[in-house]
Amino acid sequence: MDRRAFDRVLERALERIPPEFRQAMDNLEILVEDWPDPGLMEDILGDRKAQAYGLFVGVPLTERGASDWGMPPTVIYIFRQPLLRDFPDRQDLIREVEITLAHEIGHFMGFDEDTLTAYGYD
């Protein structure tokens, strides 16, 4: 699947996430990369070889304060090639992109893993 087709999958997945997740997306950037950068994975997860479908990088809304003014936008990375490799069926891919986006947006909102599981995004 080429990048344009994947971007359409991403748009479709964004339409499917709950409104409360979409409303929290101010000052949030979504970047699609083919593969996770090993340096980024080491910095964030402590493992250069970690494989992931997505990654939240930034300060959660629940931890922000007045001194955080002017910070760069929070970024959610979506890693295209691992998703394409593991979800060759288009409908399965859309669902997994939705799960990945909502999971990472949930981290941005300050949700823990139990809350994300309750939403069905584990």
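Residue numbers count from 1 along this sequence.
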Whether the side chain of [X] engages the backbone of [Y] through a donor-acceptor N/O pair (distance < 3.5 Å, no angle test) should be reported.
X: Thr117; Y: Glu113; value: yes
X: Arg12; Y: Ile94; value: no
X: Arg80; Y: Val32; value: no

Less than 4.5 Å apart, side chain to side chain, heavy atoms only: is that true for [X] and [Y]?
X: Leu14; Y: Glu98; answer: no
X: Thr115; Y: Met109; answer: no
X: Ile76; Y: Glu29; answer: no
X: Leu116; Y: His107; answer: yes

Any chance you could measure [X], atom [atom1], to [Y], atom [atom2], to the nearest 0.5 Å?
X: Glu104; Y: Thr74; atom1: CD; atom2: OG1; result: 12.0 Å
X: Arg16; Y: Ile99; atom1: CZ; atom2: CD1; result: 9.0 Å
X: His103; Y: Leu55; atom1: NE2; atom2: CG; result: 10.0 Å
X: Leu10; Y: Thr100; atom1: CG; atom2: OG1; result: 10.5 Å
X: Asp92; Y: Leu83; atom1: CG; atom2: CG; result: 11.5 Å

Residue pair Tyr53, Asp86: steps toward the side-chain contact (heavy atoms from CB on, under 4.5 Å) verdict: CA-CA 10 Å; Tyr53 299 137; Asp86 294 346; 2.6 Å; yes
Cluster link Phe79 to Leu31, ILVMFWY, side chain under 4.5 Å: yes
Joint hydrophobic cluster, Val57 plus Trp35, side-chain heavy atoms closer than 4.5 Å: no
Tyr121 and Phe111 aromatic centres sub-6.0 Å: no
Tyr77/Phe56 aromatic ring centres below 6.0 Å: no
side-chain contact (heavy atoms from CB on, under 4.5 Å) assessment of Val97 paired with Phe6: CA-CA 10 Å; Val97 171; Phe6 187 84; 4.2 Å; yes
Neighbour count >12 (heavy atoms, 6.0 Å) for atom CZ, Arg85: yes
Worked check of side-chain contact (heavy atoms from CB on, under 4.5 Å) between Ile78 and Glu33: CA-CA 6 Å; Ile78 301 297; Glu33 300 287 340; over 6 Å; no
Working for side-chain contact (heavy atoms from CB on, under 4.5 Å), residues Met41 and Asp47: CA-CA 6 Å; Met41 299 309 280; Asp47 182 355; over 6 Å; no
Sidechain N-carboxylate O distance under 4.0 Å for Glu11, Arg8: no
